[in-house]
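Residues take their numbers from the sequence shown, with the count starting at 1. Numbering of ligands and ligand atoms starts at 1, following listing order.
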Amino acid sequence: MQVKPPEHFCCHRFHPRTKATGLQQPDSDRVGAAGVGDPYFPTMGNGGYDADHYDLRLDVDPANNHLTASCEMKARALQDLDAFNLDFRNFDIAHITVNGTEAKFQREGGELTITPEQPLLAGQDFSVKVDYAGNPVPYESSHAPITIGWNPTDDGGSYVLSEPDGSSTWYPVNDHPRDKATYKFYVTVPNDYQAVCNGKLVEKSPLGEDKTTYVWDAQDPMASYLSTVNVGKFEEQLQTGPEGVPIHNFFATPVAKKAKKDFERVPEMMEWFSNRYGKYPFETYGNLVINANVGGAALETQTRPIYERGMVTGDKRAEYIYAHELAHQWWGNSTSVENWKDIWLNEGFANYSHMQWKHEHDGSFKKLDRAMYQMYMFLPRNSPPVVDPGENDMFSENVYNRGAVTLHLLRKDLGDETFFNCLKTYGEQYRGKNVTTDDFIAVVNTVSGQDKTEFFDRWLRQSKLPPWPGNPLG
Ligand code: TRP
Ligand code: ZN
């Protein structure tokens, strides 16, 4: 989330998007489509197969900001395929194999088209391995609030933040949250660096005299934009969440001491949210503070959110941001958007969550209510709608704030018990799956036994801001 009103928001900049071209247009129905069909991102993701798992092997040379890598995707063909696409930008590709046999490929823009020697049959499991190398190039996406992709830190290392469309700038991927997969990372770094990714650190083994390979296993299916590999110098800390959830923190060494203080209430926070939202949805958790400032942003990278160095202060000033990224594990990570136009299901929910932590956990419901009223008062009277705000307004303040106000007013209307039952049911029913706004509304209507369709319509789908119900001072 953003700390300050971001002058670097990109909504007013124009970046032409790489368009699908003639190259991969099917002249037969045996060629996978170049996009999954998300209107905001016509070439994001691909058709014709379902990715199941990625094995990513990266040998990182921080001194030269260079990667020698291979990515093996295990997938299942959903149709007969003479050719299919991955999303991938930059780097030199050494070669590609499909089921172990050398395959032909072509590249155009962000699309990599692979033609296996043997066509794939509908229902067939297959694996595709891409060997590549080069210098990662940070990605200026018109959809993201800051520069995304693989970026350098201030200590010679690197970090990766990719929401929404940066993952294809560091590995070949079916880059859309509709196609979640498990991941295993094998990251080799010089001995004076560590590698930190999603999931659990399962192995750390020396490679020759000077290098170490870190193996990270991310077993909970994950949207590609939430995958991350970070190289740096960190102090590790272990905490334990509710029901024994391991919390493995990595704090950039210059701020590690203060970070231990700042993050000390995270287990309590996880327990508090678990009581409201249901069981924490993943096998593991942990916070990562990088040695860089990135424009006041943090990202909810799955099981291991990333914070810039400036979000460590020693006096818990940015604790609400830790609450925000933790809440995303339920809202956005476990339940993933089916289409990016529903991004309020991530940001409105996470925003309301950190408001609850800050004003209600550390205050009272009355204080929260006042804070939400104040948030309401700052909302524009007319704005792009919260659902489907337009592809360059996905991360606008209005999506966060009007989304959060909507949830607060729903809560006041339904009462705490029914409201949190709605959230628990929604989280459970769609755990690890994809969601739309209509899915959420359907759960609310069913659990509450009321028809809230019109309420959501006014708050989320109209540009005019509805009046605050009742007396705000009462
Ligand atoms: N999802 C982030 C949040 O917690 C905001 C965000 C979107 C972001 N794209 C990003 C942060 C890229 C860092 C990098 O609100
Ligand atoms: Zn957020």
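- Side-chain atoms of S224 and N174, non-hydrogen and from C-beta on, never get closer than 4.5 Å to each other.
- For ligand 1 and E325, the ligand atoms under 4.0 Å from any heavy atom of the residue are 4 (O).
- Ion pairing between a basic and an acidic side chain is recognised when a charged N comes within 4.0 Å of a carboxylate O; E235 and K257 show no such pairing.
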Might you work through the salt bridge (Lys or Arg N to Asp or Glu O under 4.0 Å) test for K412 and D369, ending with a clear yes or no? CA-CA 9 Å; K412 294 217 299 180; D369 195 39; 2.9 Å; yes
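- Open room surrounds NZ on K258; 12 or fewer heavy atoms of other groups in view lie less than 6.0 Å from it.
- Relative ring orientation between W468 and Y376 is described as tilted, the plane-to-plane angle lying within the 30° to 60° band.
- By the criterion of a heavy-atom distance under 4.0 Å, the side chain of I146, and not its backbone, is placed next to ligand 1.
- Each of T406, T437, N398 was compared with W344 under the side-chain hydrogen bond (donor to acceptor under 3.5 Å, both in side chains) criterion, and only T437 meets it.
- Residue Y400 approaches ligand 1 through these ligand atoms, each under 4.0 Å from one of its heavy atoms: 2 (C), 3 (C), 5 (C), 15 (O).
- M394 does not count as a contact of ligand 1, since none of its heavy atoms falls under 4.0 Å from the ligand.
- Closest approach between the Zn ion (ligand 2) and any N/O/S atom of E347 involves OE1.
- Residues E391 and K341 are not paired through a salt bridge, judged by the lack of any N-O separation under 4.0 Å between the basic side chain and the carboxylate.
- The ligand atoms of ligand 1 that sit less than 4.0 angstrom from a heavy atom of P145 are 6 (C), 7 (C), 8 (C), 9 (N), 10 (C).
- Counting atoms of ligand 1 from 1 in the listed order, those under 4.0 Å from a heavy atom of H324 are 3 (C), 4 (O), 15 (O).
- Annotation for ligand 1: atoms under 4.0 Å from non-hydrogen atoms of E300 are 1 (N), 2 (C), 3 (C), 4 (O).
- Heavy-atom proximity to A297, at under 4.0 Å, picks out these atoms of ligand 1: 11 (C), 13 (C).
- Between R304 and E283 there is no salt bridge, since no side-chain N of the basic residue sits under 4.0 Å from a carboxylate O of the acidic one.
- Residue-level proximity to ligand 1 for I148 is carried by the side chain, the only part with a heavy atom below 4.0 angstrom.
- Only the backbone of A298 comes within contact range of ligand 1, with a heavy atom under 4.0 Å; no side-chain atom does.
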